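A quick note: this is a predicted structure, and the numbers were derived from the prediction, not measured. Read the numbers this way: they start at 1 and go in the same order the structure lists the ligands and their atoms.
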Amino acid sequence: MKINKNYLKLEENYLFTEIALRTKKFIDENPDKPVIKLGIGDVTLPLSPFVADAMIAAFQELKHKESFRGYGPELGYGFAKNAVKEYYKGYGVDIEMEEITIGDGIGSDIANITDLFAKGENTVLVPDPVYPLYKATSLMDGQKIVYLPCTAENKFVPIPPKDIKADMIYLCSPNNPTGATFTYDQLKAWVDYANSCGAVILYDNAYERFIEDSDKPHSIFEIEGAKTCAMEFGSLSKTAGFTCVRSGYSIVPLSLKDESGLSLNKMWQQRQTTKYNGAPYPQQRGIVAALSEQGMKDADKNISEYKRNGQLIMQALDEKSIFYTGGVNSPYIWFQCPSGLTSWEFFDRMLNEIYVVGTPGVGFGECGEGYFRLSMFNTYELTAEAMQRFRAWKI
Ligand code: PLP
């Protein structure tokens, strides 16, 4: 057997595994210390009853002979794709039904779509810091990675490099972890760059529903020229609390082609119809409910509740005069570790001294060293308690 040795290039411990290990060790050794977790980006509020009921009703259908269903279409039911299409119309974006595929969350779609690209032959641009998946999958595929430093100087927004001809570009807006969100003009610069070098943009907009600013697009397809250079991945995880349910969608435009004219949409359909048997029926009913007017009203209510937690975190950072960003268009607050501490030093001190868990910035890339991420995903009471400890902390 010949294994894929590129796996040896991956880091020993995935960021969140290391956090979990250190946290468990602390809790085991200090069972009396009340630990509060503001680390992992997982939702905490329950599903909208309206959305949950739609999924329950779908399961109920499966109990009866007349409404039972077997395998569904691999690329998603028409009713779910139509819900996505209608949702995009709300942002003034026209998407064809054949451009949409329904999946079980975008972590898998973003990883699986790399099947379309020649292994070891692509130059891939990856922002630094960013959600670790893009780097990991590029390493697994033996691609050449060029990092795009995102620092306080460029307000954590990556800009197209003048001297590099890229093949693949990962963009995440609003960015996890920094919360930096492209303006229309900044994203247009990327679309123009990608079109000029024949590159594809893999656009992750998992947090688009958190966007508040009116000068920030909710989809890359709001930008002229994007349909010839970009694919987009939308998740219901953070929008509608679907991290457990698992649901998302991908949009691969019909006009997205390689230099010889091969359609990436067709390749993605070939890939999914071969290697995937379709997202579960109840989840797809869940998508329809979540993207409906009522579903979105409920989602927005939860998002404002999370943002109330964010206010508490930002007030505490303001009081301590700590530099931070994010928190407005995203559920994450990204701040500079005080006293010149490294990300992991700060992690250990915060855990040991005030029993609060966060995420070390360096886990998202080298440029994240010296930074830290706190998330709004917790209850108001626990966030308030954590921030009370934080304010009283001598660091
Ligand atoms: N993309 C980003 C930027 C994320 O932060 C996450 C999850 O935290 C995902 C994708 C994964 O989304 P899903 O739950 O749809 O797989």
Could you tell me whether Glu29 and Lys25 have a side-chain N and a carboxylate O separated by less than 4.0 Å? yes
Do Lys216 and Asp213 sit within salt-bridge range, that is, some charged N less than 4.0 Å from a carboxylate O? yes
Between ligand 1 and the protein, give all atom pairs where both partners are nitrogen or oxygen and the distance is under 3.5 Å, as lines of names plus distance to 0.1 Å.
from     : atom 1 : to     : atom 2 : distance (Å)
ligand 1 : 1 (N)  : Asp204 : OD1    : 3.3
ligand 1 : 1 (N)  : Asp204 : OD2    : 2.6
ligand 1 : 5 (O)  : Asn176 : ND2    : 2.8
ligand 1 : 5 (O)  : Tyr207 : OH     : 2.6
ligand 1 : 8 (O)  : Tyr207 : OH     : 3.4
ligand 1 : 8 (O)  : Lys238 : NZ     : 2.7
ligand 1 : 14 (O) : Ser237 : OG     : 2.6
ligand 1 : 14 (O) : Arg246 : NH1    : 2.9
ligand 1 : 14 (O) : Arg246 : NH2    : 3.4
ligand 1 : 15 (O) : Ile106 : N      : 2.8
ligand 1 : 15 (O) : Ser235 : OG     : 2.7
ligand 1 : 15 (O) : Ser237 : OG     : 3.4
ligand 1 : 16 (O) : Ile106 : N      : 3.3
ligand 1 : 16 (O) : Gly107 : N      : 2.8
ligand 1 : 16 (O) : Arg246 : NH2    : 2.7

List the residues meeting salt bridge (charged side-chain N to carboxylate O under 4.0 Å, His left out) with Asp258, not counting sequence neighbours, and say none if there are none.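 Per chain and number, Asp258 pairs via salt bridge (charged side-chain N to carboxylate O under 4.0 Å, His left out) with no residue.
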Centroid-centroid under 6.0 Å between Phe377 and Tyr306 rings: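 Under 6.0 Å, so yes.
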Looking just at side-chain N and O atoms, do Glu153 and Thr151 make a donor-acceptor pair shorter than 3.5 Å?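 There is such a pair between these side chains.
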Could you verify whether a donor N or O on one side chain and an acceptor N or O on the other, from Tyr88 and Glu232, lie under 3.5 Å apart?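 Tyr88 vs Glu232: donor-acceptor pair found between side chains.
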